[in-house]
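Everything below concerns the one structure shown next.
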Amino acid sequence: MNDRSRRSCKKRKMLKINENNDIESIIEIFQQFEKKYDIITTKLDENIQYQVNDMKITQTYTSTIRKANMNKMTQLLKQQGHITLIIINNTKKQEQNETEKIKQLKKLKNVNIKLIKENQIIKTLEKVIDEG
């Protein structure tokens with residue numbers, strides 16, 4: 001058996017992309033990950049962008065966290081099951097309110113937080129997928 005046939009027999013992780021994501025992000029994910037993962041577009045829960053096994057992945061910006069109602073946000077996150085929240089820092093200076101909200105989200109047992117810079121999205125997403 002040669003190397004080529006052995007590679008094709010390996011079971012690859014299934015990455016589900018929410019069909020409601022914008023088309024540019026779907027294309028980018030296919031371009032970045034199609035050789036490494038089996039990718040499908042499907043209907044996922046509202047505000048969930050990706051799913052690997054039973055882990056849901058979504059991303060948001062620090063400016064969105066700053067404006068969010070924490071009671072609503074924590075209720076939604078508690079209902080999601082195991083979820084990774086990728087928070088992209090798009091503000092120059094973190095405000096105390098924003099920092100407190102992120103700390104509050106980190107306390108949720110089912111939520112894993114990744115706080116990143118905007119240029120680290122693909123690398124972080126790949127790391128999260130590999131962990132899931």
Side-chain angles (χ1 to χ4, degrees):
M1 184 181 274
N2 61 26
D3 285 338
R4 176 181 259 168
S5 61
R6 264 190 250 147
R7 269 187 277 145
S8 64
C9 292
K10 274 187 178 176
K11 183 166 171 80
R12 300 189 306 175
K13 284 192 176 188
M14 174 71 68
L15 171 61
K16 297 177 184 177
I17 302 174
N18 194 335
E19 62 188 25
N20 294 333
N21 288 3
D22 62 46
I23 191 69
E24 291 86 15
S25 72
I26 292 173
I27 291 169
E28 183 178 9
I29 294 302
F30 270 98
Q31 288 173 340
Q32 293 291 327
F33 299 127
E34 70 181 337
K35 292 180 181 173
K36 191 169 181 180
Y37 307 108
D38 290 328
I39 302 173
I40 61 167
T41 57
T42 187
K43 182 94 171 131
L44 296 175
D45 294 344
E46 188 178 342
N47 298 321
I48 300 299
Q49 292 158 319
Y50 313 103
Q51 185 170 343
V52 177
N53 299 328
D54 65 340
M55 181 180 58
K56 298 171 183 176
I57 305 166
T58 192
Q59 55 192 39
T60 190
Y61 290 95
T62 51
S63 59
T64 305
I65 297 284
R66 182 179 295 158
K67 297 172 189 173
N69 178 320
M70 284 309 291
N71 290 333
K72 285 183 182 177
M73 185 179 276
T74 54
Q75 284 297 88
L76 286 172
L77 289 171
K78 284 179 181 179
Q79 295 171 2
Q80 292 298 330
H82 183 68
I83 185 167
T84 298
L85 181 60
I86 299 172
I87 302 174
I88 304 158
N89 188 357
N90 66 337
T91 56
K92 297 203 185 303
K93 182 180 174 188
Q94 268 194 322
E95 294 180 6
Q96 183 66 25
N97 182 29
E98 178 183 316
T99 305
E100 289 301 316
K101 286 182 176 182
I102 292 172
K103 285 181 183 177
Q104 191 176 354
L105 293 174
K106 284 183 178 181
K107 291 178 183 177
L108 298 174
K109 292 182 181 188
N110 64 318
V111 179
N112 184 16
I113 303 277
K114 303 280 185 189
L115 187 59
I116 64 170
K117 295 178 182 168
E118 202 152 3
N119 63 352
Q120 299 173 322
I121 296 171
I122 296 295
K123 185 174 85 174
T124 303
L125 185 58
E126 183 173 18
K127 186 177 177 182
V128 169
I129 292 168
D130 286 340
E131 291 171 359

Quick check on Lys13: does its NZ atom have over 12 non-hydrogen neighbours (other residues, nucleotides or ligands) under 6.0 Å away?
yes

dist Leu76:CG -> Thr58:OG1 (nearest 0.5 Å) comes out at 10.5 Å

ring-ring contact (aromatic ring centres under 6.0 Å, His included) contacts touching residues 31-53 (sequence neighbours left out):
Phe33-Tyr37

For the CD1 atom of Ile122 and the CD atom of Gln32, what is their distance to the nearest 0.5 Å?
5.0 Å

Report whether Ile86 and Ile121 are members of the same hydrophobic cluster (ILVMFWY, side-chain heavy atoms less than 4.5 Å apart, transitive linking).
yes

Test item: side-chain donor near acceptor, Asn90 and Ser63, under 3.5 Å
yes

Side chains of Asn89 and Lys117: does their closest heavy-atom pair fall under 4.5 Å?
no

Is any side-chain heavy atom of Ile26 closer than 4.5 Å to one of Glu19?
no

Does CD in Glu46 sit with more than 12 non-hydrogen atoms of other residues, nucleotides or ligands closer than 6.0 Å?
no

Is there a path of hydrophobic side-chain contacts, each under 4.5 Å between heavy atoms, that joins Met73 and Leu108?
yes

Only one of Ile48, Asn112, Ile113, Asp45 passes side chain to side chain contact (heavy atoms under 4.5 Å, CB included) with Ile83, and that residue is Ile48

According to a 4.5 Å side-chain heavy-atom criterion applied to Ile, Leu, Val, Met, Phe, Trp and Tyr, with indirect links allowed, do Ile88 and Val111 form part of one hydrophobic cluster?
no

